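Quantities reported herein were computed from a predicted structural model and do not represent experimental measurements.
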Amino acid sequence: MSTLQSLERTVVDSGGVSPEMAAEDNGGEEEQPVDGVEQDLVIGPWQITMRWSSAVTGGPTELTIKPAATTSSDATTRGITVSTLRAIPLTQLSREARAISSAVSRAQGGDALAEAIVFMARRIGQEVQANPRPGRAGRSDEFFALVAAVYSWYVDSGYSDPVRQLADACDCKWRVAANWVRLAREKDLLAPAVERRAGGLLTERALRILESVDYGISHEPTVAPTSSAAPPPPARSISPVGGNEQG
């Protein structure tokens, strides 16, 4: 039975790779390098390289299998077997890749951005303490834009349960935070999630609200659907930057 023999993890940063180096490594063909997490492991006679993009949300986006450097030609005559593929600890490696990506993202984001998220969560908590039961009028769009922003940051940072992180940050119950996220989507402040997976794209409407009161968020263009009947403009996902309700 094939077993894992070695494992090496690498954080890939395209900023330090020149086009000439990338072309040399790719047999003379220039290829645009991509940031992300790369894991190399050896199982039996095979070297397996897996790469996750910078936004790690699931399994690897690239997987390469080739004979290990010290492998003799006789050891690979049977080719890649089912037992080799089954020996790849994909779930574990994907979880570790998400954790690595999240740590790097938070480190690169800087203290100012992290403080902005903390500030937003504090504002959510303050509003809930001041008005624990808003009644039929409900809470303001600004409140749910803050919820969307904090939730979006946890999604982008690779947390497996961003609702739990939102609840902890705002000192509320999980079901309350989950209801906030649901209402933020209904108010067109978060793009729809796909196939029951966490989705953290802020809509243009959410960004306009947050930018109008200058919460210090930064964002990068990302395609996301909107509720408009016209051709939708891109929504954006916030980069790492700095709620408590009973309903």
- Query: Relative to Phe143, does Arg139 satisfy both conditions: NZ or CZ under 6.0 angstrom from the six-membered ring centre, and within 45 degrees of the ring's axis?
  - Reply: yes
- Find the distance between CD (Gln126) and CG (Asn131) and round it off to the nearest 0.5 Å. 13.5 Å
- Close side-chain approach of Leu41 to Met50, heavy-atom, < 4.5 Å: yes
- For the residue pair Pro134 and Pro132, what are the closest heavy atoms and their distance? CD-O, 3.7 Å
- Mutual orientation of the aromatic rings belonging to Tyr159 and Trp153 [parallel < 30°, tilted 30-60°, perpendicular > 60°]: tilted
- When rounded to the nearest 0.5 angstrom, what is the spacing between CG in Leu90 and CD in Gln39? 10.0 Å
- Please name all residues satisfying side-chain hydrogen bond (donor to acceptor under 3.5 Å, both in side chains) with Thr49, sequence neighbours left out, ordered by chain then number. Asp40
- Would you name the heavy atoms of Ala148 and Leu189 that are closest together and state the gap between them? CB-O, 3.9 Å
- Item | side-chain contact (heavy atoms from CB on, under 4.5 Å) partners of Asp141, counting only residues at least two apart | Lys187, Arg205, Ile209
- Note on the structure: Sorted by chain and residue number, the side-chain hydrogen bond (donor to acceptor under 3.5 Å, both in side chains) partners of Arg182 (sequence neighbours excluded) come out as Asn179, Glu186
- Interatomic distance, OH@Tyr154 vs CG@Asp156, rounded to 0.5 Å, equals 12.5 Å
- Task: Evaluate side chain to side chain contact (heavy atoms under 4.5 Å, CB included) for Ile48 paired with Thr64, printing each intermediate quantity in order.
- Result: CA-CA 6 Å; Ile48 301 170; Thr64 304; over 6 Å; no
- In terms of heavy-atom contacts, Ala68 and Val42 come closest through CB-CG1, 4.3 Å
- Note on the structure: Note: Ala121 and Ala169 closest approach over all heavy atoms is CB-O, 3.9 Å
- For Arg78, side-chain contact (heavy atoms from CB on, under 4.5 Å) partners two or more places apart: Thr81
- Do Glu127 and Ser140 have side-chain heavy atoms sitting under 4.5 Å apart? yes
- Nearest non-hydrogen partners of Leu202 and Ala149, listed with the distance: CD2-N, 3.9 Å
- Residues that Asp161 engages under salt bridge (Lys or Arg N to Asp or Glu O under 4.0 Å), provided they are two or more places apart: none
- Query: Nearest 0.5 Å, what's the CD1-CG distance between Ile43 and Leu85?
  - Reply: 8.5 Å
- Under 3.5 Å, side chain of Ser94 to main-chain N/O of Thr91, donor-acceptor pair present? no
- Item | Side-chain (Thr61) to main-chain (Arg51) donor-acceptor, under 3.5 angstrom | yes
- When rounded to the nearest 0.5 angstrom, what distance separates CG in Leu63 from CD1 in Ile88? 5.5 Å
- Does Arg86 have any side-chain contact (heavy atoms from CB on, under 4.5 Å) partners at least two apart in sequence or in another chain, and if so, which? Val82
- Message: Working to the nearest 0.5 angstrom, can you tell me the gap between Ile80 CD1 and Lys66 NZ?
- Response: 12.5 Å
- Query: Any donor and acceptor pair, going by atom type alone, linking the side chain of Thr76 with main-chain N or O of Gly79 inside 3.5 Å?
  - Reply: no
- Where do Arg123 and Glu142 land on the side chain to side chain contact (heavy atoms under 4.5 Å, CB included) test, with the steps shown first? CA-CA 10 Å; Arg123 283 292 300 271; Glu142 181 183 337; 3.6 Å; yes
- Task: Take Arg185 and Phe144, measure what side chain to side chain contact (heavy atoms under 4.5 Å, CB included) needs, and give me the verdict at the end.
- Result: CA-CA 9 Å; Arg185 291 196 200 282; Phe144 287 106; over 6 Å; no
